[in-house]
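Starting from 1, each residue takes its place in the sequence as its number. Keep in mind that the numbers below use all heavy atoms, side chains included, and drop hydrogens, waters and symmetry copies.
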Amino acid sequence: MTRDDKEMWHINIESSADEVCSIYGAAVAKAVFARYDATCFDDLSPACYEEVFSDLELMINDD
C-alpha cells in the first residue's frame with residue numbers, strides 16, 4: 001500500500017467516523033473500531049480499512 005493509499009483511507013475513514021459520531025454518538029463510532037481491536041485509525045490494521053469503512057458507511061446510509 002502506498003502512502004497515498006493510506007492517506008486516502010485515513011481521510012475517508014475519519015470522515016465517515018465523524019459522521020457516524022454526529023448521527024449516533026461517539027460510543028457507536030468507537031464500537032466500530034473496537035470490533036477490529038482498534039481505538040482509532042492509527043491502531044487499525046491496513047487489512048481492515050475496507051471493512052471498517054464499509055461498516056461506517058452502512059451506518060451513515062441506514063435510514
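Contact check for Tyr24 versus Asp62: side-chain heavy atoms found under the 4.5 Å cut-off.
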Would you tabulate the side-chain donor-acceptor contacts of residues 43-58 under 3.5 Å, counting partners in other chains and residues two or more places apart, or write 'none'?
| unit_1 | atom_1 | unit_2 | atom_2 | d |
| --- | --- | --- | --- | --- |
| Asp43 | OD2 | Thr39 | N | 3.3 |
| Asp43 | OD2 | Thr39 | OG1 | 2.3 |
| Ser45 | OG | Ala47 | N | 3.3 |
| Ser54 | OG | Glu50 | O | 3.0 |
| Asp55 | OD2 | Arg35 | NH2 | 3.3 |
| Asp55 | OD2 | Tyr36 | OH | 2.8 |
| Glu57 | OE2 | Ser16 | OG | 2.6 |

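In terms of hydrophobic clustering, with Ile, Leu, Val, Met, Phe, Trp and Tyr side chains grouped at heavy-atom distances under 4.5 Å, Ile13 and Ile11 are assigned to different clusters.
Counting all heavy atoms, side chain and backbone alike, Ala17 lies closest to Ala29 at O-CB, 3.8 Å. Closest heavy-atom contact between His10 and Phe41: CD2-CD2, 3.2 Å.
Pairs engaging residues 12-34 under the salt bridge (Lys or Arg N to Asp or Glu O under 4.0 Å) rule: none recorded [sequence neighbours left out].
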